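The shown structure was predicted, so the numbers you read here are calculated from the model rather than taken from an experiment. The figures here come from the full heavy-atom set of this structure, side chains too, leaving out hydrogens, waters and symmetry mates.
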Amino acid sequence: MRWYADLPAVRARQVAADAVWLVLVAASVLLGRAVAGAVSALADPARGLAGGARDLSRQLDGAGESAADLPLVGDELTGPLQRAADGAASLAAAGQEQVDAVTHLAAVLGVATAAVPIALVTLLHLVPRLRWRRRAGEARRLAATAGGERLLALRALHTRSSAELLDAHPDPAGAWAREDPAALTALADLQLRAVGLRPRGTPR
């Protein structure tokens, strides 16, 4: 089954709709990335605090190990320094937890910001296209059958406007009832063109 119409005007509208859909999807992705980046930036202070606390913990831990080698006061200095190092490590861990929480929130909000409009525009774009694909497929299959012309003509009588029908034939309903071959062909071709298909016998 084809995804595009035979007639250039209808196909151009379908291609334009596809292009608009692609632009909207790309814009949604960029918006999601922007939201994720903005939320992630909120973690910068906590990220800096965690990094500084880790550095301080390492320095205090090193100072405690060095103090342990000092005579007389080494044991007295090692305890406070080690406790200070442990406190700095706890502060670093708390800061990292905050960074992780904000980073996770940024990812969730970024995905949600992109996914919701993408799903919406895809639904609005895909449903009409699938309906057209079904109608076009039915019309194409009917046109290939022996009695398809009469059925297509009947469908035209039910779905096309009065102006279109009168343009196709001066007495469309009466001609269809009489099974006028020229009228049946004109009405069937009208229905095929209405769904964007090339009338039978028209060169590609």
Side-chain angles (χ1 to χ4, degrees), residues 1-66 78-141 159 191-198 204:
M1 291 297 295
R2 301 178 183 178
W3 281 96
Y4 293 97
D6 296 332
L7 300 183
V10 180
R11 186 167 59 246
R13 290 196 296 269
Q14 291 174 333
V15 171
D18 289 347
V20 171
W21 172 74
L22 288 174
V23 169
L24 292 175
V25 168
S28 299
V29 171
L30 293 176
L31 179 61
R33 293 182 63 181
V35 169
V39 176
S40 181
L42 298 176
D44 287 345
R47 192 174 288 113
L49 176 63
R54 278 193 297 270
D55 292 340
L56 179 60
S57 177
R58 285 194 294 268
Q59 292 171 3
L60 290 172
D61 191 56
E65 292 177 357
S66 299
T78 299
L81 288 173
Q82 188 59 52
R83 286 192 294 274
D86 292 343
S90 299
L91 184 61
Q96 187 60 47
E97 288 178 1
Q98 185 176 356
V99 170
D100 293 341
V102 174
T103 302
H104 177 71
L105 177 62
V108 170
L109 290 178
V111 170
T113 301
V116 171
I118 286 175
L120 181 60
V121 299
T122 299
L123 184 65
L124 292 176
H125 175 66
L126 193 58
V127 168
R129 180 63 63 84
L130 289 175
R131 288 176 178 168
W132 172 85
R133 190 168 181 253
R134 177 178 55 79
R135 292 198 308 269
E138 291 174 352
R140 202 185 299 274
R141 289 192 298 272
T159 60
Q191 184 61 26
L192 289 174
R193 285 193 297 270
V195 294
L197 299 181
R198 187 180 290 105
R204 293 182 177 275

Can you tell me how far apart CZ (R13) and CG (L7) are? Round to the nearest 0.5 Å. 9.0 Å

What residues, two or more places apart in sequence or in another chain, satisfy side chain to side chain contact (heavy atoms under 4.5 Å, CB included) together with L105? V39, L109

CZ-CZ distance between R131 and R135, expressed to the nearest 0.5 angstrom: 8.5 Å

Closest non-hydrogen atoms of G196 and A5, given as atom of the first, atom of the second and distance, are O-CB, 3.3 Å

Kindly list each side-chain donor-acceptor pair under 3.5 angstrom involving residues 24-34, sequence neighbours excluded, with atom names and distances?
{"residue": "S28", "atom": "OG", "partner": "L24", "partner atom": "O", "Å": "2.8"}

Can you list every pair that meets side-chain hydrogen bond (donor to acceptor under 3.5 Å, both in side chains) and has a residue in residues 100-124, with sequence neighbours left out? W21-T122, Q96-D100

Ignoring hydrogens and angles, tell me if any N or O in the side chain of Q191 forms a donor-acceptor pair with the backbone of A139 under 3.5 Å. no

Report the residues that fulfil side chain to side chain contact (heavy atoms under 4.5 Å, CB included) with V15, sequence neighbours left out, ordered by chain and then residue number. Y4, R11

In terms of heavy-atom contacts, A112 and P117 come closest through O-CD, 4.2 Å

So, using salt bridge (Lys or Arg N to Asp or Glu O under 4.0 Å) as the criterion, who are the partners of D18 when residues are at least two apart? R129

Quick one: pull up CD in E138 and CZ in R133 and give me the separation to the nearest 0.5 Å. 12.0 Å

Partner residues of L130 under the side chain to side chain contact (heavy atoms under 4.5 Å, CB included) criterion, sequence neighbours left out: W3, L126

Please confirm whether the backbone N or O of L197 pairs with a side-chain atom of D6, one donor and one acceptor, at under 3.5 Å? no

